[in-house]
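Note sheet for the following structure.
In this chain, numbering begins with 1 at the start of the sequence shown.
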Amino acid sequence: MNSLAEREIPLLEQTLSLRTQLLDTLGDADLAHALPGNPPLGALCRESGQLEEIYTDSFRTFTMDWREPPAPGGAARKVTVLREWYARSDAALKEALCALSEEDVLGKQIDRGDYSVPVGVQFHIYRESILIFCGKASVYLRSLGKDLPGQWRQWIG
């Protein structure tokens, strides 16, 4: 296993668990909840899953392909579909990170289109995107009158 995977996968797992905690608080009807001028919560969750797939692919190919990958049917409407998809995507992300060689981690750049970043920086950009997603989702939770789940209060505020 490479140094990035050894050092960062435990933190990644904690960060990804925020999405699981979110899904534990939601019912299917909550995914249809929208705030003025914003997409429904389910669309936001679908987007998070698609972004994870884009990042996972970047760790395999060293290039960001910003085209939206297809989402499973019902991903924006069914909590069970999101839960299963996130679990599969999380496993694929960890697998892609573990498959990197130490040389990849230390020397490869990932082409993001207008610029390139080292593999480790790409990892942290992705992890930060999960925290940004959770910040957005917390606004939806509050508007639904739901308490912030699990570690959200400490991590998201």
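If you take CG on L93 and CZ on R60, they are separated by 8.5 Å, rounding to the nearest 0.5 Å. Atom CD of E84 and atom OG of S89 lie 11.5 Å apart (nearest 0.5 Å). Rounded to the nearest 0.5 angstrom, W152 CH2 and T25 OG1 are separated by 7.5 Å. If you take OH on Y140 and CG on L31, they are separated by 11.0 Å, rounding to the nearest 0.5 Å. How far CZ of F123 is from CD of E128: 10.0 Å, rounded to the nearest 0.5 Å. Distance check: W155 CH2 to C134 SG gives 9.5 Å after rounding to the nearest 0.5 Å.
For the pair L131/L18, a side-chain contact is recorded, criterion being any heavy-atom separation below 4.5 Å from C-beta on. Between I54 and P69, the closest side-chain pair of non-hydrogen atoms falls below 4.5 Å. Side-chain contact check for F133 versus L51: every heavy-atom pair is 4.5 Å or farther apart. Using a 4.5 Å heavy-atom cutoff, the side chains of F62 and Q109 are not in contact. Between I156 and L148, every side-chain heavy-atom pair lies at or beyond the 4.5 Å cut-off. When side chains are defined from C-beta on, E6 does not count as touching I9, because their heavy atoms never get closer than 4.5 Å. The shortest distance between side-chain heavy atoms of S48 and I130 falls below 4.5 Å. Between S17 and Q151, the closest side-chain pair of non-hydrogen atoms falls below 4.5 Å.
Cluster membership for F59 and I125, using ILVMFWY side-chain heavy atoms within less than 4.5 angstrom, is shared. In the hydrophobic clustering of this structure, V121 does not group with L106; members are Ile, Leu, Val, Met, Phe, Trp, Tyr whose side-chain heavy atoms approach within less than 4.5 Å, directly or through other members. The hydrophobic cluster containing L12 does not contain Y86, counting ILVMFWY residues as joined when their side-chain heavy atoms lie under 4.5 angstrom apart, directly or transitively. L41 and I132 fall into different hydrophobic clusters, where Ile, Leu, Val, Met, Phe, Trp and Tyr are joined by side-chain heavy atoms under 4.5 Å apart, directly or via other members. Using a 4.5 Å cut-off between side-chain heavy atoms of Ile, Leu, Val, Met, Phe, Trp and Tyr, with links allowed through other members, L144 and L35 fall into the same hydrophobic cluster.
Annotation for E13: atom CD counts as buried by contact number, over 12 foreign heavy atoms lying within 6.0 Å. Atom CZ of R83 has more than 12 heavy atoms from other residues, nucleotides or ligands within 6.0 Å.
A pairwise comparison of heavy atoms in G157 and R142 identifies O-NH2, 2.7 Å as the closest pair. Between M1 and C98 the shortest heavy-atom distance is CE-SG, 4.0 Å. Taking each heavy atom of A32 and P40 in turn, the nearest pair found is O-CB, 3.8 Å. When all heavy atoms of Q50 and P70 are compared, the pair lying nearest together is NE2-C, 4.5 Å. For the pair L4 and G120, the tightest heavy-atom approach, listed with the atom from each and the gap, is CD1-CA, 4.2 Å. A pairwise comparison of heavy atoms in L82 and R46 identifies CD2-N, 4.2 Å as the closest pair.
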Trace of the side-chain contact (heavy atoms from CB on, under 4.5 Å) decision for D57 with T63:
CA-CA 8 Å; D57 188 57; T63 302; over 6 Å; no
Apply side-chain contact (heavy atoms from CB on, under 4.5 Å) to the pair E95 and T56, showing each step before the final yes or no.
CA-CA 9 Å; E95 181 181 308; T56 298; over 6 Å; no
Applying salt bridge (charged side-chain N to carboxylate O under 4.0 Å, His left out), run through E8 and K94 and close with a yes or a no.
CA-CA 10 Å; E8 302 295 351; K94 288 183 250 180; over 6 Å; no
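The main-chain N or O of S116 is never found under 3.5 Å from a side-chain atom of D111 such that the two would form a donor-acceptor pair. Without hydrogens or angle criteria, W85 side chain to T80 main chain gives no donor-acceptor distance under 3.5 Å. A side-chain donor-acceptor contact under 3.5 Å links D30 to the backbone of G27. At distances below 3.5 Å, at least one donor-acceptor pair connects side-chain atoms of N38 with backbone N or O atoms of P36. Using a distance-only test at 3.5 Å, with no hydrogens or angles considered, a donor-acceptor pair links the side chain of N2 to the main chain of L100. Using modelled atom types, no side-chain atom of Q122 and backbone atom of S58 make a donor-acceptor pair closer than 3.5 Å.
Note on ring orientation: taking the six-membered ring where Trp is involved, the planes of Y55 and Y126 are tilted (angle from 30° to 60°).
Under a 4.0 Å N-O distance rule, the pair R88/E52 does not qualify as a salt bridge. A salt bridge is defined here as a Lys NZ or Arg NE, NH1 or NH2 lying under 4.0 Å from an Asp or Glu carboxylate O, and R153 with D147 fails to meet this definition.
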